[in-house]
Amino acid sequence: MSDMPIEEFRKSGHQLIDWIADYLNDIEKYPPLSQVNPGDILKRIPESPPQKGEDIENVLKDVDKILMDGITHWNHPGFMAYFNSTSSGPGILAELLTAGLGINGMLWKTSPVFTELERAMMNWFRQMIGLPENYWGIIYDTASTSSMHAIASAREQLNLVFREKGMTGREEIPKLRMYCSEHAHSSIEKGAVTLGIGIEGVKKIPVNNKFELIPKKLEQKIVEDFLEGNKPFCVVATVGTTSTTSIDPIEEIAELCEKYNIWLHIDAAYAGVAAMIPEMKWITKAWEKADSIVVNPHKWMFTPMDLSIYFTRKPEILKQAFSLVPEYLKTKVDDEVENLMDYGIQLGRRFRSLKLWFIIRYFGVDGLASRIKNHIKLAKEFAEWVDNENDFELMAPVLFSTICFRYNPGNKTEEELNNLNEKLFEKINFSGKIFLSHTKLNDKFVIRLTIGSIRHERRHIEEAWQIIKKLTHK
Ligand code: PLP
């Protein structure tokens, strides 16, 4: 009754690495977007589990036979949808080693290296994006989780003893109010839902014609809430919004947060890594005034899912909100060490910092920055092609590596343009060559292309543009 024999593990492990190497090498032979219909994959999987064990050879064969059709290939250079999340070689190797080591970093004692490598990597990454030394970092799975912890910290800072007494059945508690722009990511509202703030507790502030939050409107709303007896407690500003990658005016927002004593959280999940590039350093203006910041290496730093970094100047508040230590988790060194379980909702933790250690060492900060810089350059080039084509128009400024555009051959109503672009968008994605995503800006259907894959070369961007133009004639 033991594990797979070690020689069998070794043999199939080599086989699997070969499979992954071939997959990455030949990835362009697949369509980036899976072409299956709902339920197609489920039908291929037996309804009941096998009673007796199977040969691992069979399982590996079935990866090709059963699963591959249902894969949307995020590693494919034709994948230009959402924000890319690509797996680099060193990232994949670190994932494999993580599983091999199988450690759980709930306490310092449960693997000292876990806590200490995470501390070191947070220190490296903090320097990479130019944050001051008073920022303390921790790794969570996703930006959604990071932002939820930011909102929880903002709530804890109010000292309304929510931790002990909860939020319900207490007449003395005012309505809590938080703020973000109309373009903030849905994870902010989800955080509010999770923490009992409710969707009505999130006030969406209008944006200007560059999709940036308007500080004057924010202040109006905050004052209005104070006058109504509500309690403003958190503002979420975004650097790199999901639809257009716009940047909220952090400096002015920070001033308001200071004036009204409100927690400022910056969501830089996608764009934050661009701060590594000296010419893009301006995006971090006034970040030192934020209480917390999230940046996701799993979006644009070639890190396999998942890895989100949460920085805060106030880790003690996070600990105050979440630390709860039962007898069986006490250790003799608790006073000397950091136990990461104290800083969030989860007890068990995956060894994610290993991916950063592999990736940052393999590429170096210069290597990572130059790849990201190249993506921004390619995006500007693509934007120029769109701008120079009579029948197309850019729909938002291009600040990073995402381009929002639409087909506009003239003499069409807005409704006709929406229909036309929606059809073009469907044709593009079923071309089997590229996969784009869409958004709506001021009720206009907009096609959105993101360059951020470690496999993106100029030829892929050129090809994408040719495909898009050609499909307008079909
Ligand atoms: N914040 C922004 C600005 C995003 O664009 C996204 C996802 O695209 C998120 C947060 C959520 O990221 P995650 O999937 O890591 O929760």
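Atoms within each ligand, like the ligands themselves, are counted from 1 in listed order.
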Ligand-side contact atoms (ligand 1) for residue partner [X], heavy atom cut-off under 4.0 Å:
| X | result |
| --- | --- |
| A269 | 1 (N), 2 (C), 10 (C) |
| G240 | 3 (C) |
| H298 | 15 (O) |
| S187 | 10 (C) |

Between [X] and ligand 1, which residue portion shows a heavy-atom distance shorter than 4.0 Å: side chain, backbone, both, or neither?
| X | answer |
| --- | --- |
| D267 | side chain |
| F83 | side chain |
| T241 | neither |
| A143 | both |

Minimum-distance protein heavy atom relative to [atom]:
| atom | value |
| --- | --- |
| atom 8 (O) of ligand 1 | K299 NZ, 3.4 Å |
| atom 5 (O) of ligand 1 | T242 OG1, 2.8 Å |
| atom 11 (C) of ligand 1 | H185 CE1, 3.3 Å |

- prompt: Considering residues at least two apart in sequence or located in another chain, which fulfil the side chain to side chain contact (heavy atoms under 4.5 Å, CB included) criterion with E279?
  reply: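 For E279, the residues satisfying side chain to side chain contact (heavy atoms under 4.5 Å, CB included) (neighbours in sequence not counted) are I277, K373.
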field: Mutual orientation of the aromatic rings belonging to H375 and W300 [parallel < 30°, tilted 30-60°, perpendicular > 60°]
entry: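 Because their plane-to-plane angle is under 30°, the rings of H375 and W300 count as parallel.
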query: Ion pair present between K433 and E463, side-chain N to carboxylate O less than 4.0 angstrom?
result: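 No.
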- prompt: Are K444 and E393 ion-paired here, with the side-chain N under 4.0 Å from a carboxylate O?
  reply: no
message: Any heavy atom of S308 closer to ligand 1 than 4.0 angstrom?
response: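 Judged by the 4.0 Å heavy-atom criterion, S308 does not count as contacting ligand 1.
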- request: Pick, from S144, S186, S146, the option with the minimum heavy-atom distance to atom 16 (O) of ligand 1.
  value: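 Residue with the shortest heavy-atom distance to the ligand atom: S144.
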Distance only, no hydrogens: is a donor on one side chain within 3.5 Å (strictly under) of an acceptor on the other, for [X] and [Y]?
| X | Y | answer |
| --- | --- | --- |
| T312 | S292 | no |
| Y23 | H73 | yes |
| T238 | Y270 | no |

field: R448 to F83, cation-pi by 6.0 Å centre distance and 45° axis angle
entry: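 Yes, cation above the ring, under 6.0 Å and within 45°.
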message: Distance check, rounded to the nearest 0.5 Å: W263 atom CH2 versus S153 atom OG?
response: 4.5 Å
